[in-house]
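As structure tokens, the structure follows; a few thoughts come after it.
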Amino acid sequence: MSTLSEVEPQEHTILIVDDTPANVGVLADYLEDQGFRVVVAQDGEEGLKRAEFVRPDLVLLDVMMPGIDGFETCRRLKAAEQTREIPVIFMTALTDTGSVVTGFGVGGVDYVTKPLQVEEVLVRVTTHLSLRNLHKQLTAQNLRLQQEVEDRQRAEEALRKVGEEQQSLIRKLQEAHDQLLQSEKMASIGQLAAGIAHEINNPVGFVSSNMGALQDYIQTLLDLIDRYDDVVAQVPEGQGVLHDLARMKQDADIEFLKSDIVALMAESKEGLKRVKDIVQALKDFSHVGESDWLEADLHHGLDSTLNIANNEIKYKARVVKEYGDLPKVTCLASQLNQVFMNLLVNAAHAIEGEGIITIRTGASDGWVWVSIRDNGAGISPENMNRIFEPFFTTKPIGSGTGLGLSLSYSIVKKHGGRIEVESEPGKGTCFTVHLPVHPETES
Ligand SMILES: Nc1ncnc2c1ncn2[C@@H]1O[C@H](COP(=O)(O)OP(=O)(O)OP(=O)(O)O)[C@@H](O)[C@H]1O
Ligand SMILES: [Mg+2]
């Protein structure tokens, strides 16, 4: 920081504007003796020109001058960009407060009275130069500070951006990680499913063929018993053996056995059918089977699937078809049909009473889409993330395996496509399958 005593006269130029040569001479000599550079002007106009040209550090300005007076000169100095900051000290013989006030009003910083006391003038000049220096330093410092603040803000902004980029990178990594986990989970479940399907398939095969033979044998035995009954009925009564036979028949409750055996066989067959269905679902899920990629008409697939699913749907919903124009799609047609089947059956299951299932299709930019919308129960938000998980079901035990959507997911993924879901509880659900027209097929 500069102090008042730090003003170095030789570094400062002072402009004296005065029309009285006697005044000017004494003052200029004195100030030059003190080491200042001094420039002199005889009237206001000249003073303005000099000020603009030499840019003095301070102006000593006479008030009463021919032409424009000191106040006007000062006003013009303050109006010009280049000279605005130069401090002006008035030299005035008028000591009335009015003119002093005018002097301050037009931008003067101080005044000295004539006749001049040169020592006093020196003190005031030094004071104002010092003030001016301080002001300059302060301005420079402010500017530096402002610059620093701006730099810091810029640095903080850059840091914040880097932080945000890192956050988004972390999010992306997390998503990629989750997807990887999900696909690994699906792959290992696929292997498990294939293994289980294979193991169960064999015993189920021979049990069901045994069941067929067993049913024939039982029927033969039952016929035989009926025949015995007929024969026994013709033998005269009262013989001991016949009596024993009748008692044994009663103890064994043969009539009940006859009817129950038929029911048990039917139930067992139904049970076996369910096991077979599950094995089939597990096989499908693990992509065992078909590997022929064909160009297929999805509308055709949808229609034939609707025919098969008709039993499940017809009591529940009216089907509205709004088919667009679809190109033929390279796909594993029967697997896509399974996807449609799952979505249609799910839609029908979601409907309580009577509803509407709307099937829409469309194509753009090398992709096709098929949407299946129902106005059923909808999916609650907490289940939304889980519906594609294998074995996730909200259906009662025995009526849903929870494999439908996970299977659909892996089939669509294999086609290079994706499934989107929108759902509003109480309003309904829309599944949209997006497929590339020509997927990059695994050979
Ligand atoms: N259209 C739909 N409306 C409401 N909920 C649905 C719909 N589709 C699927 N869900 C929900 O997603 C769950 C999983 O469906 P997913 O098809 O995988 O299995 P599932 O239908 O329960 O059994 P599966 O299809 O194996 O017989 C369903 O239990 C149901 O809660
Ligand atoms: Mg299902």
Side-chain angles (χ1 to χ4, degrees), residues 2-140 142:
S2 166
T3 62
L4 294 188
S5 58
E6 272 177 28
V7 172
E8 301 284 347
Q10 60 278 10
E11 289 173 8
H12 294 92
T13 305
I14 294 170
L15 170 63
I16 303 173
V17 187
D18 197 325
D19 63 323
T20 323
N23 279 342
V24 178
V26 176
L27 184 56
D29 286 350
Y30 180 72
L31 290 176
E32 271 174 351
D33 285 349
Q34 299 302 316
F36 289 103
R37 284 195 297 272
V38 177
V39 181
V40 176
Q42 305 264 310
D43 58 35
E45 297 279 6
E46 194 189 343
L48 286 172
K49 272 192 203 120
R50 290 268 153 101
E52 199 188 324
F53 189 66
V54 285
R55 303 278 168 83
D57 298 293
L58 187 139
V59 180
L60 282 164
L61 186 55
D62 189 17
V63 176
M64 302 289 274
M65 286 182 295
I68 57 170
D69 68 1
F71 296 143
E72 181 54 28
T73 309
C74 183
R75 217 174 267 127
R76 292 192 195 175
L77 279 173
K78 296 292 159 188
E81 180 71 35
Q82 307 90 323
T83 53
R84 171 173 302 158
E85 301 293 331
I86 304 169
V88 175
I89 298 176
F90 285 110
M91 299 181 291
T92 174
L94 309 168
T95 46
D96 60 307
T97 45
S99 88
V100 169
V101 168
T102 314
F104 287 129
V106 294
V109 290
D110 208 345
Y111 67 98
V112 286
T113 48
K114 289 181 178 177
L116 298 172
Q117 300 293 318
V118 283
E119 293 82 1
E120 186 200 343
V121 174
L122 176 66
V123 171
R124 296 203 184 230
V125 163
T126 318
T127 303
H128 285 288
L129 283 176
S130 175
L131 276 175
R132 167 115 177 92
N133 285 348
L134 282 174
H135 184 252
K136 270 186 183 164
Q137 280 176 10
L138 219 64
T139 312
N142 263 347

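For reference, positions follow the sequence shown, starting with 1. Treat the numbers as computed from the prediction; the structure is a model and nothing was measured.
Counting only residues at least two apart or in different chains, salt bridge (charged side-chain N to carboxylate O under 4.0 Å, His left out) contacts with residues 28-38 are absent. Annotation: ring-ring contact (aromatic ring centres under 6.0 Å, His included) contacts involving residues 56-87, sequence neighbours excluded, comprise Phe71-Phe90.
Between Pro56 and Ala51 the shortest heavy-atom distance is CD-O, 3.5 Å. Here the shortest heavy-atom pairing between Met91 and Leu27 reads SD-CD2, 3.9 Å. Considering every non-hydrogen atom in both Pro21 and Asp19, the closest pair reads CD-O, 3.2 Å. The two residues Val40 and Ala28 have their closest heavy-atom pair at CG2-CB, 4.5 Å. Cys74 and Gly108 get closest at one heavy-atom pair: SG-N, 4.0 Å.
Atoms NZ and OG1, on Lys78 and Thr83 in that order, are 7.5 Å from each other to the nearest 0.5 Å. A distance of 7.5 Å separates CZ in Arg55 from CD1 in Ile86, rounded to the nearest 0.5 Å. Asp18 contributes atom CG, which lies 7.5 Å from atom CG of Leu116 (distance to the nearest 0.5 angstrom). Atom-to-atom distance recorded for Leu61:CG and Ile89:CD1 is 10.5 Å, nearest 0.5 angstrom. Between Leu129 atom CG and Thr13 atom OG1 the span is 10.0 Å, to the nearest 0.5 Å. Atom-to-atom distance recorded for Leu58:CG and Ile16:CD1 is 10.0 Å, nearest 0.5 angstrom.
For the salt bridge (charged side-chain N to carboxylate O under 4.0 Å, His left out) test, residues two or more places apart in sequence or in another chain that qualify with Arg76 are Glu72. When the side-chain hydrogen bond (donor to acceptor under 3.5 Å, both in side chains) test is applied to Arg50, the partners found at least two apart in sequence or on another chain are Glu46. Scanning for side-chain hydrogen bond (donor to acceptor under 3.5 Å, both in side chains) contacts around Glu120 gives Arg124, with sequence neighbours left out. In this view, Asp43 satisfies the salt bridge (charged side-chain N to carboxylate O under 4.0 Å, His left out) rule with no residue, not counting sequence neighbours. By the side-chain contact (heavy atoms from CB on, under 4.5 Å) test, Leu122 pairs with Tyr30, Leu31, Gln34, Phe36, Thr126, sequence neighbours left out. Partners of Ala79 under the side-chain contact (heavy atoms from CB on, under 4.5 Å) rule, at least two apart in sequence or in another chain, do not exist in this structure. Taking the salt bridge (charged side-chain N to carboxylate O under 4.0 Å, His left out) definition, one finds that Glu11 meets it with nothing, sequence neighbours left out. Shown here are the side-chain hydrogen bond (donor to acceptor under 3.5 Å, both in side chains) partners of Glu119, two or more places apart in sequence or in another chain: there are none. Residues that satisfy the side-chain hydrogen bond (donor to acceptor under 3.5 Å, both in side chains) test with Asp62, not counting sequence neighbours, are Lys114. Applying the salt bridge (charged side-chain N to carboxylate O under 4.0 Å, His left out) test to Glu81 and every residue at least two apart in sequence or in another chain returns Arg84.
Enclosure of atom CZ in Phe104 by more than 12 non-hydrogen atoms of other residues, nucleotides or ligands within 6.0 angstrom is indicated.
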**Report entry** CA sep, side-chain torsions, deciding dist, call: Glu85, Arg132, side-chain contact (heavy atoms from CB on, under 4.5 Å)
**Finding:** CA-CA 9 Å; Glu85 301 293 331; Arg132 167 115 177 92; 3.7 Å; yes
Query raised in the report: When you look at Thr102 and Val63, which way does the side-chain contact (heavy atoms from CB on, under 4.5 Å) test go after all the steps?
Result: CA-CA 11 Å; Thr102 314; Val63 176; over 6 Å; no
Query raised in the report: After noting the C-alpha distance and the side-chain angles of Val125 and His12, does the key distance pass the side-chain contact (heavy atoms from CB on, under 4.5 Å) rule?
Result: CA-CA 10 Å; Val125 163; His12 294 92; over 6 Å; no
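For the pair Leu131 and Pro87, the minimum side-chain heavy-atom distance is 4.5 Å or more.
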